[in-house]
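Below, chains carry the letters A, B, ... as their sequence lines are ordered, and counting in each starts from 1.
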Amino acid sequence: MVMSAVVEEAVMDAPYGVAEPVRTIEHAAEEINGSFSLTDVSVAYGAETVIAGVNMLVPTRAVTALIGPSGCGKSTLLRCLNRMNDEIGNVRVGGTITLDGLDIYQKSIDPVDLRMRVGQVFQRPNPFPMSLYDNVAFGPRTQGVRKRDELDAIIEEALKDAALWDEVKNHLKKHAFELSGGQQQRLCIARALATKPEVLLMDEPASALDPISTQQIEDTIAELKNMVTIVIVTHNMQQAARISDQTAFMLRESMDQPAHLVEVGETKRMFTNPDDRRTESYITGRFG
Amino acid sequence: MSTRTRRANTARTIEAFMKLVTGACVALVVLTAVFILGKIVVSGLPGISLDFIFAKPAMGMRAGGIFPIIVGTLMLVTLTALLVLPLGIMAGIYLAEYAPKNLLTRIVRLSIANMAGVPSIVYGLFGLAVFVLLMQIGKSMLASALTLTCLTLPVVITSTEEALRQIPSDIRQAALALGATRWRAIYKVVLPAAAPGIVTGSILGLSRAAGETAPILVTGAAFFLPTLPDSVFSQYMSLPYHLYVLATQVPNVPPEVTWGTAFVLVAGVSIVSMFAAGWRSVQRRKVKW
Amino acid sequence: MKVTPTDMAGRHLGRTTRRRAAEAVVRTLVYAAGLLSIVILLAIAVFLFVEARRSMSEVSLGTMLTSTQWFPTGTPKIFGFLPLIAGSLMVTAVALVVFVPIGIGAAVYISEFSAGWFKEGMKTVIEFMAAVPSVVYGFLGVAVLIPWVKETFHLTSGMTALTGGLVLGIMSLPTVISISEDALHAVPDALRQGSLALGNTRWQTIYKVVVPSASSGIFAGVMLGLGRAIGETMAVLMLTGNAAVIPGSVFESVRTMTGTIAAEMGEVVFGGLHYSVLFSVGLVLFAITFAINLAADLVLERQRKRWRR
């Protein structure tokens, strides 16, 4: 695992679940980036608080899995990290979320800029109704890349990183809807990678796919974590165990109270020796 | 036979009878439509020739062709399209993409529904008062086009909104998540995807506008002009008004001239709008989200 | 640590400000376009009123609405709207008798008794009928219906309220059928299944369950058809003979509000009294159709809410 000493130290030293914001990252920002620090994060839809008191670190260039029963706010928490919740009216985010030490909810931050650094892959493949090429070129073009050869290079690289290049290199003009579901999802990954993000958020990216496509996506994720920080929401325990380095377990114990973070830690430990009884019952399948 | 079965039999008889009655209503509608189409084709076709399409009217409009009238109509509709499409599409974008769920939006929707129901002659009065007289454009193609713009606006807005709503929200989300601004997401992704619906809806609206007589009667259509309009400030001749003139204002017009004019008008308007409607339903079926 | 927006994406320096400005401009334009419909609708009301003011002060609205004679160019000039309103109402009443039963009957058949391909075909038919311009309906009426009415009813002239009303009824059919059909179509199938499962026949299901459930939508369709009939100009202008007398029966000639405006606006002095009176007619017409459309829209909205739940 490629992880700078600074972060490794911060991640390993801080007690999981009650992490302090890690100021040391600021100093190291030039070498490594794409690490989140969440301090007392809460989310409210109107008057109803749905998530409260989340403290955790998201280490750079590693895979962090968010697990928990459906309706526990995993996706909502994920969407806080690129401020996609801003697009739904009536959502308030409390606490502090920093990306490499930068408070992403402060006034001067434009969420549009943030999203160029923090990409997202959605639950269902959602390619744009246009050619493969134009799909992947969308992000770079948004950033102002106009030169054809420059675009070509970015697109080739992104498609290679998403393990789709060999299958489509001769069909870049093809309409995205002609691809299979698994190919479409890898296209969406390539599309997100083409903006050169530091973090990639994945919201159950394989839940709509067949086992073979799921396998391909998981392989892709394993390759990608050398380049970007990945936060993945999944309801699939085996998947979390297979692909993630760190796992966070969220739970909403009743509809009257908000969801909270039960436990966060190294995946291997979480799945073999969890601290919390509820984590154990969830992982071993007693509820969910 | 028990009461029960007897009642069931009565019910079945009533059902058969009502199916016949409602079916007769449909038959009446279809026959009317077939009669309208058939009558116009049968009576109109003999008058149609290249000369009729490409020549000027002669002998007090009782002979010759209707070329300047066709051109006038096309120019008027084109000008209307240039005015109404940007406004209507933007208003449709407002409703589908930006409008908050509040009282103001509710009032906007009510206004649009009501605009669609305002009689066309009232639009004519409005155009006369505002465009012709107040803005001093005078009776002209521009004044008529502005009037028809108001009249067509609700159709364009509604079809734009409807087309945009058919586009699933997850591709908007995808564009936003790639760092696109709201407008870029709409302009580069949502709008192109919705384009077929917007275009066909607008064509339907414009083809209705092309057939309108009352609003242009008072804002610029001319009874007769010896030349083609040379600018948007000129008066012009138009197919629906010309048909009205031939049918009621000019004595002794040979029937093939009047029916020929009606044929050209109906063929133009209905072929365009039926193609648009057909294409739209094909598009809807083709793209499965 | 001081953070500027451009710091967030260091590699896009300079783009943010321009992009924000563009976004703001577009947002303003889009909002303005969104509000345009309110502006136009208000402007229509305001300008009709402004142009009608002269007639209201010189003749008074009360006199115009209650006088039974219309002699706009006689001496003395008399501007009574009652013959025109009566004409419009009589023509519309005839239209109503045509389009309500036929329209609803056809909608019921299309929605409840017919197969998919038939529905598609009927859509095309309705689309065609809606696409035919009103002046063409008027012309067909002149060519076909006027002689028929004259002969059938042994009248001296075929230009009657009946002639205009029949054509208006046909013209309103597409509106009534398509909106009623939508309303019937929106009734959930579960309701039909439930009724059929209780041993009702299809027809019993239709008139006990489906039509009552869709009644507000059907009502809205009828209202919109009515609004279209009252506001229609060219066909009535060409078919009703335009005699400004309160009609005694549907076999007499009538002059409608719309026809009056269309026929006389070409001959008035702009800004004159007659001109202003015609705007008063327009204002009355606008008020009537506005009320009808508002009612229809509120009813439709209620229906939409009902099935959303």
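Side-chain contact between C:Phe128 and B:Val266 is present, with heavy atoms from C-beta onward closer than 4.5 Å. You'll find the side chain of C:Glu301 stays beyond 4.5 Å of the side chain of B:Arg109, heavy atoms only. Side-chain contact between B:Asn114 and C:Leu294 is present, with heavy atoms from C-beta onward closer than 4.5 Å. Side chains of B:Val269 and C:Val132 form no contact here, defined as non-hydrogen atoms less than 4.5 Å apart. In this structure, C:Phe113 and B:Val26 have side chains that are not in contact, with every pair of non-hydrogen atoms separated by 4.5 Å or more. Taking 4.5 Å as the limit, every side-chain heavy atom of C:Val26 sits out of range of all side-chain heavy atoms of B:Tyr187. Using a 4.5 Å heavy-atom cutoff, the side chains of C:Leu35 and B:Leu104 are in contact.
Heavy-atom distances place the side chain of C:Tyr137, and not its backbone, under 4.5 Å from chain B. No part of C:Phe99 comes within reach of chain B, as not one of its non-hydrogen atoms sits under 4.5 angstrom from that chain. Of the atoms belonging to B:Leu133, it is side-chain heavy atoms, and not backbone ones, that fall under 4.5 Å from chain C. Neither the backbone nor the side chain of B:Val21 comes within contact range of chain C; no heavy atom of the residue lies under 4.5 Å from a heavy atom of that chain. With a threshold of 4.5 angstrom between heavy atoms, C:Ile44 approaches chain B through its backbone and through its side chain. Heavy atoms closer than 4.5 Å to chain B are found in the side chain of C:Leu36, but not in its backbone. For C:Glu127, the parts lying near chain B are the backbone and the side chain together; criterion is any non-hydrogen pair under 4.5 Å. Of the two parts of C:Thr233, only the side chain, counted from C-beta on, holds a non-hydrogen atom closer than 4.5 Å to a non-hydrogen atom of chain B. With a 4.5 angstrom heavy-atom cutoff, B:Ala277 touches chain C only via side-chain atoms. Using a 4.5 Å cut-off between heavy atoms, B:Phe17 does not touch chain C at all. If you measure heavy-atom distances from C:Pro101 to chain B, the contacts under 4.5 Å come from the backbone alone. When heavy atoms are compared at a cutoff of 4.5 Å, C:Ala296 does not approach chain B at all. At a 4.5 Å heavy-atom cutoff, the contact between B:Ile40 and chain C is made by side-chain atoms alone. With a 4.5 Å cut-off on non-hydrogen atoms, B:Tyr241 does not touch chain C at all. The contact between B:Val218 and chain C is made entirely by side chain atoms (from C-beta outward), counting heavy-atom distances below 4.5 Å. With a 4.5 angstrom heavy-atom cutoff, B:Lys39 touches chain C only via side-chain atoms. Neither the backbone nor the side chain of C:Met257 has a heavy atom closer than 4.5 Å to any heavy atom of chain B. Heavy atoms closer than 4.5 Å to chain B are found nowhere in C:Leu224, neither backbone nor side chain. In this structure, the portion of B:Leu204 lying under 4.5 Å from any heavy atom of chain C is its side chain and not its backbone. With a 4.5 angstrom heavy-atom cutoff, B:Thr181 touches chain C via backbone and side-chain atoms both. Interface remark: B:Arg7 contributes no atoms to any contact with chain C (heavy atom separation under 4.5 Å). Contacts of C:Leu237 with chain B are made by side-chain atoms alone, with heavy-atom separations under 4.5 Å and no backbone atom involved. Heavy-atom distances place no part of C:Ala32 under 4.5 Å from chain B, backbone and side chain included. Contacts between C:Arg228 and chain B at a heavy-atom distance below 4.5 Å are absent for every atom of the residue. Contact annotation for C:Val144: only side-chain heavy atoms (C-beta onward) come within less than 4.5 Å of a heavy atom of chain B.
Nearest heavy atom pair, residue C:Arg27 against residue B:Arg182, reads NH2-NH1, 4.3 Å. The two residues B:Ala11 and C:Thr201 come nearest to each other via the heavy atoms CB-CG2, 3.8 Å. Closest non-hydrogen pair, B:Ser270 versus C:Ala131, comes out as CA-CB, 4.3 Å. Closest approach of B:Val108 to C:Gly34, counting heavy atoms only: CG1-O, 3.3 Å. For the pair C:Leu278 and B:Leu125, the tightest heavy-atom approach, listed with the atom from each and the gap, is O-CD1, 4.1 Å. Listed here is the closest heavy atom pair of B:Ala214 and C:Met234: N-SD, 3.9 Å.
Crowding of C:Phe49 atom CZ: a count of heavy atoms from other residues, nucleotides or ligands under 6.0 Å not exceeding 12. Atom CD of B:Gln249 has more than 12 neighbouring heavy atoms from other residues, nucleotides or ligands inside a 6.0 Å radius. Within 6.0 Å of CZ in C:Phe270 there are more than 12 heavy atoms belonging to other residues, nucleotides or ligands. The number of heavy-atom neighbours closer than 6.0 Å to CZ of B:Phe223, taken from other residues, nucleotides and ligands shown, is above 12.
Among the candidates B:Ala129, B:Pro119, B:Gly124, B:Ser120, the residue making the largest number of heavy-atom pairs closer than 4.5 Å to chain C is B:Pro119. By number of non-hydrogen pairs under 4.5 angstrom with chain B, the leading residue of C:Ala262, C:Gly282, C:Gly227 is C:Ala262. Note: B:Gly211 leads B:Gly278, B:Gly92, B:Gly211, B:Ala24 in heavy-atom pairs under 4.5 Å with chain C. Ranked by heavy-atom pairs shorter than 4.5 Å toward chain B, the options C:Ile261, C:Val125, C:Leu300 are led by C:Ile261. Ranking B:Ile14, B:Ile157, B:Leu265 against chain C, the residue ahead of the rest is B:Leu265, based on heavy-atom pairs under 4.5 Å. With chain C as the partner, the residue from B:Val132, B:Leu37, B:Val30 showing the most heavy-atom pairs under 4.5 Å is B:Leu37. Annotation: maximal heavy-atom pairing with chain C below 4.5 Å, among B:Leu87, B:Leu110, B:Leu243, occurs at B:Leu243. Ranked by non-hydrogen atom pairs under 4.5 Å with chain C, the options B:Leu28, B:Val272, B:Leu128, B:Ile89 are led by B:Leu128.
A distance of 11.5 Å separates OG of C:Ser134 from CZ of B:Arg208, quoted to the nearest 0.5 Å. Here CD1 of C:Ile40 is found 4.0 Å from SG of B:Cys150. Values are rounded to the nearest 0.5 Å.
Proximity to chain B at a heavy-atom threshold of 4.5 Å picks out C:Gly105, C:Ala106, C:Val108, C:Tyr109, C:Ile110 from residues 103-112 of chain C, in numerical order.
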**OP:** Please assess B:Ile121 against C:Leu285 for the test side chain to side chain contact (heavy atoms under 4.5 Å, CB included), listing each intermediate value before the final yes or no.
**Re:** CA-CA 10 Å; B:Ile121 187 71; C:Leu285 190 60; 3.8 Å; yes
**OP:** List the steps, then state whether side chain to side chain contact (heavy atoms under 4.5 Å, CB included) holds for C:Phe139 with B:Thr261.
**Re:** CA-CA 11 Å; C:Phe139 171 57; B:Thr261 307; over 6 Å; no
Original post:
Can B:Leu239 and C:Val135 be said to form a side chain to side chain contact (heavy atoms under 4.5 Å, CB included), step by step?
Top reply: CA-CA 10 Å; B:Leu239 271 174; C:Val135 68; over 6 Å; no
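Remark: the backbone N or O of B:Ala113 is not paired with any side-chain donor or acceptor of C:Asp297 at under 3.5 angstrom.
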